[in-house]
K.L.:
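One structure, pasted below without further comment.
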Amino acid sequence: MAANMDQHPHSSPSTDPLATSFATTYAGVVAFIAVVTEGSFARAADRLGVGRSAVSRNVQKLEDQLDVRLLRRTTRSTSLTREGDLFYASCHKGVDRIVRAVEEMRELKDGPPRGHLRVCSTVGFGRKVVAPLLGEFLAKNCEVTVDLMLCDTAVDFTSDRVDIAFRQGRLEDSQIIARQIMPMEMMVCGSKDYCAGRGTPSSIEDLVNHDCINYRTGSGRMAMWEFDVEGTVRKVLPEAKLTYNDPELVLQAVLDGQGLAQLPGYLISGALSRGQVTACLAKHVTSDRGHYICYQSRQHMPARMRAFVDFIIDRIREAHVPLAQWI
């Protein structure tokens, strides 16, 4: 490549894009291709005969210049992002295509939304809240495709190649960006018929006198019922008459008069507004949990991710009605 550059020592920046763009990206491109080919930064450093820190630094400079994340890095693995896939497909066929690849990366960041999104959500929230919004989003962004996966187990952004994930509860992972869409209000409720026949619990302790329906999480654990007691979270696991691993089956059992359950607001707000269920122990609803939209970085977010995040947050917040309005 150096020989080719030497053949045009007097090329001006306006006529030779290689002179303006390629000079600062060459080391990063070489390091990036070596990492992808060898499968790790350490092996890439051995291949190039330089230190691992130099490889990492050159790739970081390349990502900063492109304003795009090319590689997902953890202490255990390195994998391509979708932008990295596209960049590598262009670059590894020949250095003469590098400038075109740089331009494509910039278009992904600053141009109209386009490309593929891999989105993961918990089953209940994804089915009830996220999925109904996808048609409108795709109609507004016709060059974007979405793969929505519903899964109640925790996903790994790197190994599962996830762009955006919806999570709920109390988040402790400081390595991701998490924006709260709405509070996660957990309400104990029962059908009108059940409550008419059995009454409603007067206290948390009174739950032992009721038929309860529990939810088993994707990890196999039973979901604890959580209550706010004078600012402190109290966790209880009632003895269950029924247990399901699908929140909508829990709701259906409540509607059928099978017992009481603690369910998230997004799932029961419709039944509350229609008068199908009665809210119980409302004064103990916790306020320290939330529904979140999560991703790995603000710095290198492509246009399609920005468009999706902004659209979802706006639509969900517009539609959210606090449970207090139905109690």
K.L.:
Decide whether V130 and Y295 are clustered together by the hydrophobic rule: side chain heavy atoms of Ile, Leu, Val, Met, Phe, Trp, Tyr closer than 4.5 Å, transitively.
P.N.:
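Yes: a chain of side-chain contacts under 4.5 Å links V130 to Y295.
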K.L.:
If you round to the nearest 0.5 Å, how far is OH of Y88 from CG of L80?
P.N.:
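Answer rounded to 0.5 Å: 8.5 Å.
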K.L.:
Establish whether L148 and V309 are linked, either directly or via other cluster members, by ILVMFWY side-chain heavy-atom contacts under 4.5 Å.
P.N.:
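Yes, L148 and V309 fall within the same hydrophobic cluster.
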K.L.:
Under the criterion side-chain contact (heavy atoms from CB on, under 4.5 Å), I'd like the reasoning laid out for L70 against Q60: C-alpha separation, chi angles, the key distance, then a yes or no.
P.N.:
CA-CA 9 Å; L70 299 173; Q60 181 64 58; over 6 Å; no
K.L.:
Starting at CZ of R317, measure out to CD1 of I312 and round the result to the nearest 0.5 Å.
P.N.:
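Answer for the CZ-CD1 pair, R317 versus I312, is 12.0 Å.
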K.L.:
Quick check against the 3.5 Å criterion: does R315 have a side-chain atom that pairs as donor or acceptor with the backbone of I313?
P.N.:
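Not a single qualifying donor-acceptor pair exists.
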K.L.:
With hydrophobic residues grouped by side-chain heavy-atom distances under 4.5 Å, do V129 and M186 end up in a single group?
P.N.:
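No, V129 and M186 fall in different hydrophobic clusters.
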K.L.:
Can you tell me if CD on E239 sees more than 12 non-hydrogen neighbours from other groups inside 6.0 Å?
P.N.:
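Result for CD/E239: open.
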K.L.:
Are any of the side-chain heavy atoms of F125 and I316 separated by less than 4.5 Å?
P.N.:
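Yes - at least one pair of side-chain heavy atoms lies under 4.5 Å apart.
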K.L.:
Is the distance from the ring center of Y244 to that of Y215 below 6.0 Å?
P.N.:
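No - the distance between ring centres of Y244 and Y215 does not fall below the 6.0 Å cut-off.
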K.L.:
Drop me the distance from W225's CH2 to L207's CG, to the nearest 0.5 angstrom.
P.N.:
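One finds 5.5 Å between CH2 of W225 and CG of L207.
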K.L.:
Assess whether a salt bridge exists between E143 and R304, defined as any Lys/Arg side-chain N lying under 4.0 Å from an Asp/Glu carboxylate O.
P.N.:
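R304 and E143: not salt-bridged.
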K.L.:
Show your reasoning for whether side-chain contact (heavy atoms from CB on, under 4.5 Å) applies to T78 and R72.
P.N.:
CA-CA 6 Å; T78 300; R72 297 186 183 93; over 6 Å; no
K.L.:
Ring centroids only, cut at 6.0 angstrom: are H291 and F166 within range, meaning strictly under it?
P.N.:
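Centroid distance H291-F166: not below 6.0 Å, so no.
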K.L.:
With a 4.0 Å cut-off on N to O distance, would you call E63 and R57 a salt bridge?
P.N.:
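Looking at R57 together with E63, the answer is no, because their closest N to O distance does not fall below 4.0 Å.
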K.L.:
Less than 4.0 Å between a side-chain N and a carboxylate O, is that true for D228 and R234?
P.N.:
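No.
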K.L.:
Measure the shortest side-chain to side-chain distance between Q276 and S191 over non-hydrogen atoms and say whether it is less than 4.5 angstrom.
P.N.:
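In short, these two side chains do not touch, never coming nearer than 4.5 Å.
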K.L.:
Identify the two heavy atoms, one from A307 and one from N141, that lie closest to each other, and give their separation to 0.1 Å.
P.N.:
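Scanning both residues, the minimum pair turns out to be CB-OD1, 4.0 Å.
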K.L.:
So D206 and N209, side-chain contact (heavy atoms from CB on, under 4.5 Å) or not? Walk me through it.
P.N.:
CA-CA 6 Å; D206 195 25; N209 299 315; 2.6 Å; yes
K.L.:
Within the side chain of R52, is there an N or O that forms a donor-acceptor pair under 3.5 Å with the backbone of F41?
P.N.:
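No.
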K.L.:
Does some side-chain heavy atom of M222 sit less than 4.5 Å from a side-chain heavy atom of T217?
P.N.:
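Counting from C-beta outward, T217 and M222 never come under 4.5 Å.
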K.L.:
Find out whether Q168 and Y292 are in side-chain contact, i.e. whether some heavy atom of one side chain is under 4.5 Å from a heavy atom of the other.
P.N.:
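Counting from C-beta outward, Q168 and Y292 never come under 4.5 Å.
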K.L.:
Taking all non-hydrogen atoms of both residues into account, name the closest pair between N245 and D152 and its distance.
P.N.:
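Minimum heavy-atom contact is O-OD2, 4.2 Å.
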K.L.:
Are V277 and V188 joined in one hydrophobic group, where the rule is that I, L, V, M, F, W and Y side chains link up if heavy atoms are under 4.5 Å apart?
P.N.:
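No.
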K.L.:
Hey, any chance V35 and L62 share a hydrophobic cluster, counting ILVMFWY side chains that come within less than 4.5 Å of each other, even indirectly?
P.N.:
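Same hydrophobic cluster.
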K.L.:
Look only at the side chain of E226 and the backbone of V236, and say whether a donor-acceptor pair between them is shorter than 3.5 Å.
P.N.:
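Looks like no, no N/O pair under 3.5 Å.
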K.L.:
What are the two closest heavy atoms between C120 and C151, and how far apart are they?
P.N.:
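Smallest heavy-atom distance, with atoms named: SG-CB, 4.3 Å.
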K.L.:
Could you walk me through whether T278 and C189 satisfy the side-chain contact (heavy atoms from CB on, under 4.5 Å) test, starting with their C-alpha distance in whole Å, then the side-chain angles of each, then the deciding distance to 0.1 Å, before giving a yes or no?
P.N.:
CA-CA 5 Å; T278 298; C189 60; over 6 Å; no
K.L.:
Assert yes or no for the condition that the ring centre distance of F308 to F137 is strictly below 6.0 Å.
P.N.:
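So the answer is yes for these two rings.
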K.L.:
Please walk me through it: do R161 and D85 pass salt bridge (Lys or Arg N to Asp or Glu O under 4.0 Å)?
P.N.:
CA-CA 12 Å; R161 299 176 67 82; D85 274 330; 2.7 Å; yes
K.L.:
Could you pull out the closest heavy-atom pair between A240 and N214, with the gap in Å?
P.N.:
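Closest approach of A240 to N214, heavy atoms only: CB-ND2, 3.2 Å.
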K.L.:
Answer yes or no: is there an ion pair linking R118 with D147, defined by an N-O contact shorter than 4.0 Å?
P.N.:
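Answer for the salt bridge query: yes.
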K.L.:
Could you give the distance from CD1 (I204) to CZ (F227), rounded to the nearest 0.5 Å?
P.N.:
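I204 CD1 to F227 CZ: 5.0 Å, rounded to 0.5 Å.
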K.L.:
State, yes or no, whether a side-chain contact exists between M187 and Q262 at a heavy-atom distance under 4.5 Å.
P.N.:
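Sidechains of Q262 and M187: no contact.
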K.L.:
Between C280 and T200, is any pair of side-chain heavy atoms under 4.5 Å apart?
P.N.:
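C280 reaches T200 side chain to side chain.
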K.L.:
For T81 and R69, indicate whether the former's side chain and the latter's backbone hold a donor-acceptor pair under 3.5 Å.
P.N.:
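Side chain of T81 to backbone of R69, a donor-acceptor pair under 3.5 Å: yes, one is there.
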K.L.:
Is there a side-chain contact between V119 and M149, using heavy atoms and a 4.5 Å cut-off?
P.N.:
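No, their side chains stay 4.5 Å or more apart.
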K.L.:
Could you tell me the separation between the CZ atom of R167 and the CD1 atom of I181, rounded to the nearest 0.5 Å?
P.N.:
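Separation between the atoms: 12.5 Å.
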K.L.:
Please tell me if the side chains of D211 and L260 come closer than 4.5 Å, counting only heavy atoms from C-beta onward.
P.N.:
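D211 does not reach L260 side chain to side chain.
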K.L.:
Considering non-hydrogen atoms only, spot the tightest contact between H116 and R82 and give its length.
P.N.:
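So the minimum-distance heavy-atom pair works out to O-CD, 3.5 Å.
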K.L.:
With no hydrogens and no angle check, is any side-chain donor or acceptor of S121 less than 3.5 Å from a backbone partner on G126?
P.N.:
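Here the side-chain-to-backbone pair exists.
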K.L.:
Is the shortest side-chain N to carboxylate O distance from E230 to K283 below 4.0 Å?
P.N.:
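Looking at K283 together with E230, the answer is no, because their closest N to O distance does not fall below 4.0 Å.
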K.L.:
Assign the ring pair H210 / Y194 to parallel, tilted or perpendicular, where the plane angle (0 to 90°) is split at 30° and 60°.
P.N.:
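H210 vs Y194 ring planes: tilted.
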K.L.:
Look at the side chain of R179 and the backbone N and O of I293, then say whether any donor-acceptor pair between them is shorter than 3.5 Å.
P.N.:
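Answer holds: no.
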K.L.:
Which heavy atom in D163 sits nearest to a heavy atom in F157, and how many Å separate them?
P.N.:
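Looking at all heavy atoms of both residues, the shortest contact is O-CE2, 3.8 Å.
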K.L.:
From R289 CZ over to M184 CE, what is the distance, rounded to the nearest 0.5 angstrom?
P.N.:
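Rounded to the nearest 0.5 Å, the CZ-CE separation comes to 4.0 Å.
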K.L.:
Under 4.0 Å between a side-chain nitrogen and a carboxylate oxygen: does that hold for R127 and D246?
P.N.:
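Yes, this pair counts.
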